[in-house]
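Keep in mind that this is a model prediction, so the values were computed, not measured.
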Amino acid sequence: MKKVVLYLVTPLLAAACGHDGDFDASGTFEATEVTVSAEAAGRILWFGADEGDRLVAGEQVGAIDSVQTYLQKLQLERQQASVSSTRPDVAKQAAALRERIARQRIEYRRVENLLHDGAATLKQRDDAEARLKVLEGELEALLSTLGKNRASIDENASAIDLQIAQLEDRLAKCRIVSPVAGTVLARYAEAGELAAVGRPLMKVADLDRLFLRAYFTSDQLARLHLGQEVTVTADFGGENRFDYPGRVVWIASKSEFTPKTIQTRDSRANLVYAVKIAVENDGRLKIGLYGEVRIGN
């Protein structure tokens, strides 16, 4: 009787052990983490991002003191208005001279008609023509001078526009915003502290889509390709194991030594290839959680 019980128990243990090892590779879950750093220097006026908060891309969560930058912008705008007021009105300044030229042309035609009728001399016509050419030369010189002055003023105004644009960019960088949609994983600053350019303020990651970084041996690569659907099992410890559909999104082009904490089907393998598998998170998956991968047939 004891022999029968022994024979019945042995296959069950073997089956249980075989199920526990029924995976092709293993690894841990990770997310694309983004460290948001300060882009301006100054005191943090307010900072409303707390760990666990869900943010949308472009959402403002804080602000850095920007008073001095704003005052510089106001000063440049006043300077720009002053420069613009000195821009010459070419049409108005040349109007009087144009009117004199128009009257001189009439006078020239009148003298020429009188000369044709014998009532004027050649000298009178030449004098009228000379006066007309002098006035036309004065108009050309005036237009050239006014054009150069206007161009110089426009260049100065353009330079001020660029300076204002730079200050507006600096003002925008005083706003603390999340560049991506995700969850705040860590917060490194508080309101009232001084921020320096490049100082980390918070870390954000998209937890709706995690990646299992698993390691496969070279002989398994023949069964893998980008876009392939696989089964990912998340191990929460004990009997808490949940399967998720996964998709291969990246395969390393260079091998590396097997990490000590990672298991592969072939425990003798030294060199493995890292593979990232995208998994849609239902809220249970966490960064650093252990997971296993089954390629399937």
Which residues pass the side chain to side chain contact (heavy atoms under 4.5 Å, CB included) test with Glu99, not counting sequence neighbours? Arg103
For Thr86 and Ile153, work out which heavy atoms get closest and say how close. O-CD1, 3.2 Å
Indicate every side-chain donor-acceptor pair of residues 31-49 with a distance under 3.5 Å to a residue at least two apart or in another chain.
unit_1	atom_1	unit_2	atom_2	d
Arg43	NH1	Gly192	O	2.6

Hydrophobic cluster membership, Leu212 vs Ile287, 4.5 Å side-chain cutoff: yes
Whether over 12 other heavy atoms sit under 6.0 Å from Glu168 CD: yes
side-chain hydrogen bond (donor to acceptor under 3.5 Å, both in side chains) with Asp208: which residues, sequence neighbours excluded? Arg54
To check you understand the geometry: which heavy-atom pair defines the closest contact between Ile64 and Ala195, and what is its length? CD1-CB, 4.0 Å
I'd like a table of donor-acceptor pairs (distance under 3.5 Å, sequence neighbours excluded) in which one partner is a side-chain atom from residues 127-141, with atom names and distances.
unit_1	atom_1	unit_2	atom_2	d
Asp127	OD2	Lys123	NZ	2.9
Glu136	OE2	Arg105	NH2	3.0

Please evaluate residues Ile295 and Leu224 with respect to the criterion side-chain contact (heavy atoms from CB on, under 4.5 Å), reporting the C-alpha separation (whole Å), side-chain torsions for both, the decisive distance (0.1 Å), and the verdict. CA-CA 8 Å; Ile295 300 177; Leu224 280 177; 4.1 Å; yes
Residues at least two apart in sequence or cross-chain that pass side-chain hydrogen bond (donor to acceptor under 3.5 Å, both in side chains) with Arg87, listed by chain then number, are Asp154
Work out which heavy atom in Ala234 is nearest to a heavy atom in Leu289; give both atom names and the distance. CB-CD2, 4.0 Å
Could you state the interatomic distance from CG (Asp117) to CG (Asn113), rounded to the nearest 0.5 Å? 7.0 Å
Looking at every non-hydrogen atom in both residues, tell me the closest pair between Met202 and Leu55 and how far apart they are. CE-CD1, 4.1 Å
Are Ile251 and Leu226 packed together at the side-chain level, in the sense that at least one heavy-atom pair is separated by less than 4.5 angstrom? yes
I'd like to know if Arg110 pairs up with Glu107 as an ion pair, taking the criterion as any Lys NZ or Arg NE/NH1/NH2 lying under 4.0 Å from an Asp or Glu carboxylate oxygen. yes
Could you list the cluster mates of Ile106? Members are the ILVMFWY residues connected by side-chain heavy atoms closer than 4.5 Å, either directly or through other members. none
Pairing residues for Arg100 by the side-chain hydrogen bond (donor to acceptor under 3.5 Å, both in side chains) criterion, not counting sequence neighbours: none
Look up atom CD in Glu77 and atom OG in Ser82, then write down how far apart they are to the nearest 0.5 Å. 14.0 Å
Taking all non-hydrogen atoms of both residues into account, name the closest pair between Glu51 and Ala186 and its distance. OE2-CA, 3.6 Å
Rounded to the nearest 0.5 Å, what separates atom CD1 in Ile164 from atom CD in Gln75? 11.0 Å
Report yes if some heavy atom in the side chain of Val293 is under 4.5 Å from a heavy atom in the side chain of Asp24; otherwise report no. no
Verify the neighbour count for atom OH of Tyr70: are there more than 12 heavy atoms of other residues, nucleotides or ligands below 6.0 Å? no
Please check this pair: side chain of Ser66 against backbone of Thr69, looking for a donor-acceptor N/O pair closer than 3.5 Å. no
Please determine whether side-chain contact (heavy atoms from CB on, under 4.5 Å) holds for the pair Leu114 and Arg125, giving the CA-CA distance in whole Å, both sets of side-chain angles, and the decisive distance to 0.1 Å. CA-CA 9 Å; Leu114 291 175; Arg125 190 196 66 176; over 6 Å; no
What one should report as the nearest heavy-atom pair of Leu143 and Ala94 is CD2-CB, 4.0 Å
Neighbour count >12 (heavy atoms, 6.0 Å) for atom NE2, His116: no
Using the test side-chain hydrogen bond (donor to acceptor under 3.5 Å, both in side chains), find all partners of Glu30 that sit at least two apart in sequence or belong to another chain. Arg213
Could you tabulate the donor-acceptor pairs under 3.5 Å formed by side-chain atoms of residues 170-182, not counting sequence neighbours?
unit_1	atom_1	unit_2	atom_2	d
Lys173	NZ	Asp169	OD2	3.3
Arg175	NE	Gln60	OE1	3.2
Arg175	NH2	Gln60	OE1	3.4
Ser178	OG	Val180	O	2.6

Any luck finding a side-chain donor-acceptor pair between Ser152 and Glu155 under 3.5 Å? no
What residues form a side chain to side chain contact (heavy atoms under 4.5 Å, CB included) with Gln166, not counting sequence neighbours? none
Verify, without hydrogens or angle tests, whether Gln93 (side chain) and Val90 (backbone) share a donor-acceptor contact under 3.5 angstrom. no
Please name all residues satisfying ring-ring contact (aromatic ring centres under 6.0 Å, His included) with Phe236, sequence neighbours left out, ordered by chain then number. Phe242
List the steps, then state whether side-chain contact (heavy atoms from CB on, under 4.5 Å) holds for Glu256 with Leu271. CA-CA 5 Å; Glu256 57 185 287; Leu271 295 178; 6.0 Å; no
Under 3.5 Å, is there a donor-acceptor pair between the side chain of Asp235 and the main chain of Tyr290? no
Give a yes or no on whether the backbone of Val111 and the side-chain of Arg109 come within a donor-acceptor separation of less than 3.5 Å. no
side-chain contact (heavy atoms from CB on, under 4.5 Å), that's the test. Do Leu76 and Leu167 meet it? Break it down for me. CA-CA 10 Å; Leu76 283 177; Leu167 292 178; 3.5 Å; yes
Cut-off 3.5 Å, no hydrogens considered: what does the side-chain donor-acceptor table look like for residues 272-283, sequence neighbours left out?
unit_1	atom_1	unit_2	atom_2	d
Asn281	OD1	Gly283	N	2.9
Asn281	OD1	Arg284	N	3.4
Asn281	OD1	Leu285	N	3.0
Asn281	ND2	Leu207	O	2.8
Asn281	ND2	Leu285	O	3.1
Asp282	OD1	Tyr244	OH	3.1
Asp282	OD1	Arg284	N	3.0
Asp282	OD2	Tyr244	OH	3.1
Asp282	OD2	Arg284	NE	3.1
Asp282	OD2	Arg284	NH2	2.9

Do Leu210 and Phe29 have side chains that approach each other closer than 4.5 Å (heavy atoms only, starting at C-beta)? yes
Any side-chain donor paired with an acceptor under 3.5 Å for Thr233 and Asp243? yes
